[in-house]
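Contents: one structure, followed by commentary.
Proteins get letters first, then strands, A, B, ... in listed order; numbering begins at 1 in each.
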Number of protein chains: 2
Amino acid sequence: MKIDERHLIQLAAVVKTGGVTEGAALLGLAQPAVSRTLSMLEKRLGEPLFVRGRRPLQPTTFGLALAEHGFVMLAASRKASDLVESFRVGKSGVVRVGGTPFFMDGLIAGICAEFQSSHPDVRIDQSYGYFPDLRAALKADQIDLAICPIDILDEGSGLEFQQILPGRNVVACRVTHPLLLKRRPQPSHLLEYPWVAPPPGSPLLADLRALLLSFGATELKIRYSGGSLMAVINYLKTADALTIMPHSVVFAQRKDKSITALPITIPHPERALAILSRVDAHRSPAVDQFATFVRSGFESLRHLIKRHEEAVVWGL
Amino acid sequence: MKIDERHLIQLAAVVKTGGVTEGAALLGLAQPAVSRTLSMLEKRLGEPLFVRGRRPLQPTTFGLALAEHGFVMLAASRKASDLVESFRVGKSGVVRVGGTPFFMDGLIAGICAEFQSSHPDVRIDQSYGYFPDLRAALKADQIDLAICPIDILDEGSGLEFQQILPGRNVVACRVTHPLLLKRRPQPSHLLEYPWVAPPPGSPLLADLRALLLSFGATELKIRYSGGSLMAVINYLKTADALTIMPHSVVFAQRKDKSITALPITIPHPERALAILSRVDAHRSPAVDQFATFVRSGFESLRHLIKRHEEAVVWGL
DNA sequence: AAGATACTATAACGGATCGTTATGAAGATC
DNA sequence: GATCTTCATAACGATCCGTTATAGTATCTT
């Protein structure tokens, strides 16, 4: 015989609290409701669930056995409610975020860790990609957010762009690089050193091409390419090579004192780091929370960079 | 946010089966019912539970997490249904049975074991007592059944008597007792041996008094009293003492070949072994099953005794 | 690629039941 | 034994639940 799960829960509540009134209160119901439920159950089952006229109400062996199952349900119901609640406020769920490798490795991974210190039950599924892939992934609903540099003229119909950092590049090298000793390194000096290329497909690679050609290079002297951010940094730490990187990525590495930016201004691309999302997509609270967290993280990073530049005279 | 447990179960069923139609079938519902439930849930939660347009239906991370709790409820619900079902057919529950010590020890305990070989989930709470106590216990709803010898004139208003065996007593002794060698032992011979008294308060004790006095004894030569059935049997096995016992109890011990009945007829009391129960009480199916089992057990015992008496000429 | 098929979503409806307030009955406590 | 708390019953309104009928959509087949 099937028993309404709600009735089992009411039974459990009454058994737990030892009274119809208290049990009803526990469930936020009026007393007659659960009283009727119990009467109905006893009539239906043809078996008393409580010994009559005892206070506190004492369950029958049978009633207790049934209530045990009710306890399970009550607990499961509570857990489900908690889950929903934590989900609604963005405290649980999944965030699928894709981004360009350097930003992800250099900045976002750390931000994810910070985010999860306040949202431990939010899982973050990260993936790599460049703008075309990310745009496709967004539209296919494979990721919730994309964090990548976008060109002004990038086509992004149906996508929402939230700019979070200007797309400024710098030339990076190790802190012991000889060029850092010069007062005012000239662009032509740059061509004297080997270069490390950003990953193929990245906007940075195009930037590097344009940069070197503008400096008068007839061909690219690429010594190393294809490495991740960590590979590039480790390469740079061991050789006097140069590479091009987003300023923010280099800035984030300042604590390590292994690489830094050359005090030379290079043409900045018409590009900005942005958070992309589908404009028509449903965004779970967790995704919203994460996006705002990333935005505020970059906001403070921008201020940090500003103050840093004011403090140390840039190029000294 | 509280979620209707029924909805969680429906969600679980759909996740489990991978389809709305199959999930509805699993619960014995029509498809539109659970379809509406899902739509309503998604609207209420503001969060998709399934990825749209995929077959088999694939739950969202969130939907799956919620469904997990639904699984728990589904399982608990099934278990509760099974419990009710087994209870309804008397396959589970509790039987509280009280009875006189000798019958309980000598006959009922074994019958209980037999009963439970077919009803393993029925718990039997046994207690001892004589008629007045048992009647009180029945009326106070402390026991469901009483098994005891009752006098014809016992007052039992509100109680139902089901006679299961005539109340015939025999004189018991060990199988090596010298009186068994006599062709026709006379009542007077009985007085030459020490007697073991049944427990105080038992009808047997009154029977013993009456018997001995009718045999011309001026006083009772009681050597041992107060022991349980096992104590009495062990005493008898070690001495040529005599005692009075219900025939059925002695009969049940025949396998042990340690005690037997003297081939002497003694006046049988106006008494019968009966199953007592409150006439107005609710009896659970398990109690009913047990009562009928006991009745049928004694029924076959009665036939057994009859055939046994026809086979071995009684008194040889 | 287009029809066929199967599954899901929506609409409309009848009815069960759930929860409420009001009130009476029964224990428990002093 | 009187009072107070608690449980049971009655009446009622409304939610919502499950049903049938039907339209829309995705998958499969040839």
Any residue meeting side-chain contact (heavy atoms from CB on, under 4.5 Å) with Ala291(B), in chain and number order, not counting sequence neighbours: Leu145(B), Arg295(B)
Listed partners of Met40(A) passing side-chain contact (heavy atoms from CB on, under 4.5 Å), at least two apart: His7(A), Arg44(A)
From the options dG19(C), dC17(D), dC7(D), select the nucleotide whose nearest atom is closest to the side chain of His7(B). dC17(D)
Using only atom types and a distance under 3.5 Å, with no angle test, would you say the side chain of Glu160(A) pairs donor to acceptor with the backbone of Ser277(A)? no
Out of curiosity, Ile143(A) CD1 to Arg96(A) CZ, how far, rounded to the nearest 0.5 Å? 8.0 Å
Could you list all N or O pairs between the protein and nucleotides 21-25 of chain C that sit under 3.5 Å apart?
none

Taking side chain to side chain donor-acceptor pair (under 3.5 Å) as the test, write out the residues that go with Arg123(A), two or more places apart. Asp125(A)
Angle separating the five-pair end axes of the helix from dA1(C)-dT30(D) to dC30(C)-dG1(D), nearest 10°, is 50°
Taking salt bridge (charged side-chain N to carboxylate O under 4.0 Å, His left out) as the definition, give me every residue that meets it alongside Arg278(A), ordered by chain and number, with sequence neighbours left out. Asp280(A)
Between Arg6(A) and dG19(C), does any side-chain N or O lie under 4.0 Å from OP1 or OP2? yes
The complete set of side-chain hydrogen bond (donor to acceptor under 3.5 Å, both in side chains) pairs with one or both residues in residues 59-78 of chain A, sequence neighbours excluded, reads Ser77(A)-Glu5(B)
Hits for side chain to side chain donor-acceptor pair (under 3.5 Å) against Asp133(A), two or more places apart or cross-chain, chain-then-number order -> none
Within this structure, what is the CD-to-C1' distance between Glu22(B) and dT8(C), rounded to whole angstrom? 11 Å
Test side chain to side chain donor-acceptor pair (under 3.5 Å) applied to Arg135(B) - qualifying residues, sequence neighbours left out: none
Contacts satisfying side-chain hydrogen bond (donor to acceptor under 3.5 Å, both in side chains) that involve residues 34-43 of chain B (not counting sequence neighbours) are Gln10(B)-Thr37(B), Glu42(B)-Arg52(B)
When the distance from CG of Asp4(A) to P of dG18(D) is rounded to whole Å, what number comes out? 9 Å
Round to a whole Å and report the spacing from CG of Leu29(A) to C1' of dT15(D). 14 Å
In whole angstroms, how far is the C1' atom of dT15(D) from the NZ atom of Lys2(B)? 13 Å
Short side-chain N/O contact to dT17(C) OP1/OP2 from Gln10(A), under 4.0 Å: no
At a heavy-atom distance below 4.0 Å, what parts of residues 34-47 of chain B sit against DNA chain C? Ser35(B), Arg36(B), Ser39(B)
Partners meeting side chain to side chain donor-acceptor pair (under 3.5 Å) with Asp4(B) (sequence neighbours left out): Arg6(A)
